[in-house]
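Comments concern the structure below.
What you see below is based on every heavy atom in this structure, not just the backbone, and it leaves out hydrogens, waters and symmetry mates. On a predicted model such as this, the values are computed, not experimentally measured, just so you know. Order of the sequence lines sets the chain letters (A, B, ...), proteins ahead of strands, with each chain counted from 1.
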2 protein chains.
Amino acid sequence: MARKIDEDKIARIKEATMQTIVEKGMESTTIAMIAKNANVSGGYLYRIYAGKQDLINELYHDKVNSLYKELESLVLLNQTSIKPLIKSFIKNRITYFLNEPNASKFFYQLLHNENFFASDEIKHKSADLILKIKNIGVASGEISKDTTVYQLHYHILVYAVDYINFTRKNIFEEQEVTINDVDKLTENILNILK
Amino acid sequence: MARKIDEDKIARIKEATMQTIVEKGMESTTIAMIAKNANVSGGYLYRIYAGKQDLINELYHDKVNSLYKELESLVLLNQTSIKPLIKSFIKNRITYFLNEPNASKFFYQLLHNENFFASDEIKHKSADLILKIKNIGVASGEISKDTTVYQLHYHILVYAVDYINFTRKNIFEEQEVTINDVDKLTENILNILK
DNA sequence: TTTAAATGAATGAATATTTATTCATAAATT
DNA sequence: AATTTATGAATAAATATTCATTCATTTAAA
């Protein structure tokens, strides 16, 4: 046996990647910067990831998967009304943003980047979940049956994430988003889908 | 006199820049790609722009400026109600998206990119416009006086642009956005701000 | 209980590759 | 012919990736 893998290094690389990309932007982020911020040698990354793209991809897909898992369990828990489902989902997004701003903004940036797209598996899952939510909402009278899948997809999965994270170009100095926004955002979505 | 500048070349460079970035993403777009797609020599760009960043910057700021000019004149035209103002603004965004998808998506991508941010001048203009709109809306009863500037800014300037352009990861094959969405989007915004 | 050999982790300087930028030259226009 | 536009191969600069080497830990023979 030889020495053990320092698991903390991997965690540090992940955190440094997200932080650097959020601070400097994708284009300006280099492997050298990430390694430096993670306090890890330049070549270490390549022991774990095939390269820069691979590293970012994995972080992104991890997050996408966990998001869908979360939504899946929320659907299972709320079979008669979409309001608690949406409210919980938004509450989690705001909590995540407040607790892990780098991870939250990292995901938000990739969501709007051409180079990162969902796998076919995720697309299927997503379509499936959206339809399940639609059925629940239509049955309970919370969603108009004319609401399109695109409208549903955007307003359930994207709208709140966008609203919460759109702070970079902030014109006003105040703290923009707090946990108090959960109710208002939930109400907005329910109004739109009605 | 010597030969004339081929103005068309500059237009081609602009179009190729937007198209390439929309298709390949910022990180993967190179000067060589842009020049090739524009049918222009590699070095030609540098006769007009100081470099890649300068080129992209100029395109972005042109668009931001024209957007604010448009909104400014809409505010002047609608001093008693915000509904027609918002409706016109959204109609223009959808028309733009349908007629010039590359330009529309290019702008949308930069809007969500850390490396591009509004100048102080634009920030001031923006703050000023948002407050003017708020005053009109509060006076007419269309906007609750509790609505924050952040809410106003996001829902007037970002929400519709995002909704319209969020098509890349499309799960369903259909054409997502059409001119028929103007009314629904307007109604959504007015409901949220009320 | 030492000691040393084996193993895999980790490093970072060297290399390869990619990509922006320059500039000597050619082409077009007056 | 004079002048400016335009080219694209050459160059410079930046950055990703490799890999020979070092280091830490474990195992087991002496």
Can you list, pair by pair, the side-chain donor-acceptor contacts under 3.5 Å of residues 40-58 of chain A, counting residues two or more places apart and other chains?
residue: K52(A); atom: NZ; partner: T29(A); partner atom: O; Å: 2.7
residue: D54(A); atom: OD2; partner: A50(A); partner atom: N; Å: 3.1
residue: N57(A); atom: ND2; partner: Q53(A); partner atom: O; Å: 3.3

*Side chains of Y159(B) and N188(B): donor-acceptor distance under 3.5 Å anywhere?*
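Looking only at side-chain atoms, N188(B) and Y159(B) do form a donor-acceptor pair, the distance falling under 3.5 Å.
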
Rounded distance in Å - [atom1] ([X]) to [atom2] ([N]):
{"X": "K9(B)", "N": "dT4(D)", "atom1": "NZ", "atom2": "P", "value": "18 Å"}
{"X": "M33(A)", "N": "dA16(D)", "atom1": "CE", "atom2": "C1'", "value": "14 Å"}
{"X": "D6(B)", "N": "dA27(C)", "atom1": "CG", "atom2": "P", "value": "18 Å"}
{"X": "M26(A)", "N": "dT15(D)", "atom1": "CE", "atom2": "P", "value": "15 Å"}
{"X": "L45(B)", "N": "dT5(D)", "atom1": "CG", "atom2": "P", "value": "16 Å"}
{"X": "I48(B)", "N": "dT5(D)", "atom1": "CD1", "atom2": "C1'", "value": "10 Å"}

*Does the side chain of S41(A) get closer than 4.0 angstrom to OP1 or OP2 of dT11(C) through an N or O atom?*
yes

*Indicate whether OP1 or OP2 belonging to dT5(D) is found under 4.0 Å from a side-chain N or O atom of R47(B).*
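Affirmative; the distance criterion is met.
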
With a 3.5 Å cut-off and sequence neighbours excluded, list the donor-acceptor pairs that the side chains of residues 10-20 of chain A form with protein atoms.
residue: R12(A); atom: NE; partner: A38(A); partner atom: O; Å: 2.9
residue: R12(A); atom: NH1; partner: D8(A); partner atom: OD2; Å: 3.3
residue: R12(A); atom: NH2; partner: A38(A); partner atom: O; Å: 3.4
residue: R12(A); atom: NH2; partner: N39(A); partner atom: O; Å: 2.9
residue: E15(A); atom: OE2; partner: N102(A); partner atom: ND2; Å: 3.3
residue: T17(A); atom: OG1; partner: I13(A); partner atom: O; Å: 2.6
residue: T20(A); atom: OG1; partner: A16(A); partner atom: O; Å: 2.5
residue: T20(A); atom: OG1; partner: N37(A); partner atom: ND2; Å: 2.9

*Return each pair, listed once, that meets salt bridge (charged side-chain N to carboxylate O under 4.0 Å, His left out) where at least one residue sits in residues 132-157 of chain B; pairs must be two or more places apart or across chains.*
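For residues 132-157 of chain B: D128(B)-K132(B).
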
*asked:* Under the rule for side-chain hydrogen bond (donor to acceptor under 3.5 Å, both in side chains), what residues qualify as partners of K87(B), not counting sequence neighbours?
replied: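 So K87(B) forms a side-chain hydrogen bond (donor to acceptor under 3.5 Å, both in side chains) with D183(B).
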
Between the protein and nucleotides 17-24 of chain C, are there any N/O to N/O pairs under 3.5 Å, and if so, what are the atom names and distances?
residue: dA20(C); atom: OP1; partner: K52(B); partner atom: NZ; Å: 3.0
residue: dA20(C); atom: OP2; partner: I31(B); partner atom: N; Å: 2.7
residue: dT21(C); atom: OP2; partner: Y46(B); partner atom: OH; Å: 2.7
residue: dT21(C); atom: OP2; partner: K52(B); partner atom: N; Å: 3.2
residue: dT21(C); atom: O5'; partner: Y46(B); partner atom: OH; Å: 3.4

*Only pairs at least two apart or in different chains count here, so list each side-chain hydrogen bond (donor to acceptor under 3.5 Å, both in side chains) that has a residue in residues 89-99 of chain B.*
E70(B)-N92(B), E70(B)-R93(B)

